[in-house]
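Each remark here refers to the structure printed beneath this line.
Per chain, numbering begins at 1; letters A, B, ... match sequence-line order.
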There are 2 protein chains.
Amino acid sequence: MSLDHILLGLLREPASGYDLKREFDAGPRHFWSAELSQIYPTLNRLEKKGLLRSSVEPSAQGPRRRVYRRTKTGLQELLRWLRAGPVMGTQRFAYVAQLAFLHEAHDSSLTLDFMQQLRKELSHFLSFLQRGEDLYAAAAQDPAALSDIEFHDYLCLRMGVTSISARIAWCDECIERIRGRRRRRKRSEVAK
Amino acid sequence: MSLDHILLGLLREPASGYDLKREFDAGPRHFWSAELSQIYPTLNRLEKKGLLRSSVEPSAQGPRRRVYRRTKTGLQELLRWLRAGPVMGTQRFAYVAQLAFLHEAHDSSLTLDFMQQLRKELSHFLSFLQRGEDLYAAAAQDPAALSDIEFHDYLCLRMGVTSISARIAWCDECIERIRGRRRRRKRSEVAK
DNA sequence: ATGACCATGTAATCCGTTACATGATTCG
DNA sequence: CGAATCATGTAACGGATTACATGGTCAT
């Protein structure tokens, strides 16, 4: 039930479902995502549970919006979740499973292509994260220059950058190993 | 629908649902997992679709087992999935979301404790992966010494090791930054 | 007026976890 | 004989995605 708590967390400022969706797409993309069709019913449920309160407000641009605010109970529930320690959810990387089975194709160029395409996709995502990181350039020098909120955001962004960078390095390592393996195979064939 | 393909991939040798569950727990733990209650119905469905074929066989130890084999169609479907290129599923890291919201607690020691506990859990998992890596010690020298299957398995294991290592380094970086921020905050308070 | 974007929702379906239910075999 | 392990499933629930449905406002 993490989405409940993530919405509670994002609602440090009053926001509509639509706003929250945009926040998901802007920031936490490297660690969470949600669709509007999941957000709206969840907000509704949280309001029924008394963790949120909503009011309809006119919009500056567009139709009327339902704006949600966290209640005192909502904040308490968020803090309870945070104090319970890190939630280690299950990881799922379909592309690693694919790599594990690529031997079935008996074609090392397919594995090579696969890793090169993966590297490209990861690099693309890394660029996106690094554009965000540039805004915090000062933080690398003096972490005390940031507000509490910015500081925590920055740490999360660093997680994205270090973890995608490591994955790209892994791609490079794989590509090198695949090439090395090929060369040695060819050599030992010639030796015969 | 990745589980379908992962089961097809794991079934390079005939196996029962119970066998496959043990394989999940032994190997792919760092990139996939599944429960028996999900595996059994999925195998059933794949058989109905003609991608698998099963037969009941006596067990060496215990009651009779239903052993599944991949059909030609099953292998073709697996290869189709592999050739389609890397599947970039959505990532979900609840603990990063937690970190993003920890500022609400207004207590830097809570953030510090959180990161230290996270580091501990990740280290534990890294040890598990490294025990697996030791079996492939030779591969680091000569990748051509491994069979195709072992080579691909090894690359997947390396993904786990590099990616968890990077995450641990990130924890250390965070811990350092939190401490540095504290010191600077205290200093500027004294300066007043 | 029409297309882009703002805004909110429901329905169908699928994926995944937890709990429940059953029973065979083996080892101490 | 009792506990551990082998072995196969079903049921209930919850989480997440895709598709569908509706309509307002604004700029061109």
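- Take the nearest nucleotide of DNA chain D for A:Ala34 and for B:Val67: the residue whose nucleotide is more 5' is B:Val67.
- Checked for salt-bridge contact, A:Asp19 and A:Arg22 meet the test: a charged N lies under 4.0 Å from a carboxylate O.
- Counting heavy-atom neighbours within 6.0 Å of A:Arg64 CZ, excluding the residue itself, gives a total of 12 or less.
- To the nearest angstrom, C1' of D:dA7 lies 15 Å from CG of B:Asn44.
- Projected onto DNA chain C by closest heavy-atom contact, B:Ala60 and B:Ser2 fall at different nucleotides, the more 5' of which corresponds to B:Ser2.
- Near DNA chain C, defined here as any heavy-atom distance below 4.0 Å, there are no residues from residues 5-26 of chain B.
- When distances run from any side-chain atom of B:Ser37 to the nucleotides D:dT17, D:dT8, D:dA11, the shortest one goes to D:dA11.
- With sequence neighbours excluded, the residues that form a side chain to side chain donor-acceptor pair (under 3.5 Å) with A:Asp148 are B:Arg181.
- Relative ring orientation between B:Phe125 and B:Phe128 is described as parallel, the plane-to-plane angle staying below 30° on a 0-90° scale split at 30° and 60°.
- The CD-P distance, from B:Glu35 to D:dT8, rounds to 16 Å in whole Å.
- Contact check, B:Arg65 against D:dA7: a side-chain N or O comes under 4.0 Å of OP1 or OP2.
- For the OP1/OP2 pair of D:dA7 and a distance below 4.0 Å, the side-chain nitrogens and oxygens of B:Ser59 include at least one atom meeting the criterion.
- For the segment residues 81-95 of chain A, the set of residues with a heavy atom within less than 4.0 Å of an atom of DNA chain C comprises A:Thr90, A:Arg92, in numerical order.
- With a cutoff of under 4.0 Å to any heavy atom of chain B, the contacted region of DNA chain C is bounded 5' to 3' by C:dC15 to C:dT26.
- The CG atom of B:Leu129 sits 11.0 Å away from atom CZ of B:Arg158, with the distance rounded to the nearest 0.5 Å.
- Annotation for B:Leu52 and B:Arg70: closest pair CD2-CA, 3.8 Å, computed over non-hydrogen atoms.
- The distance from atom CH2 of B:Trp170 to atom CD1 of B:Ile175, rounded to the nearest 0.5 Å, is 9.5 Å.
- Looking at heavy-atom distances under 4.0 Å, A:Gln38 makes contact with a base.
- Under the 4.0 Å criterion applied to side-chain N and carboxylate O atoms, B:Glu23 and B:Arg12 are not assigned as salt-bridge partners.
- The minimum heavy-atom distance linking B:Leu110 with B:Ala105 is given by the pair CD2-CB, 3.5 Å.
- Over its length, the helix from C:dA1-D:dT28 to C:dG28-D:dC1 turns its helix axis by 20°, as judged from the five terminal pairs at each end, rounded to 10°.
- Straight-line distance from the CD atom of A:Glu57 to the C1' atom of D:dG24: 17 Å, rounded to whole Å.
- The ring pair (Phe, Tyr, Trp, His ring centres under 6.0 Å) pairs that include a residue from residues 55-81 of chain A are A:His5-A:Trp81, where partners are two or more places apart or lie in different chains.
- Nearest heavy atoms, A:His30 versus B:Phe93: O-CD1, 3.9 Å.
- In this structure, A:Leu122 and A:Cys171 approach most closely via the heavy-atom pair CD1-SG, 3.9 Å.
- Closest heavy-atom contact between B:Ala166 and A:Thr162: CB-O, 4.1 Å.
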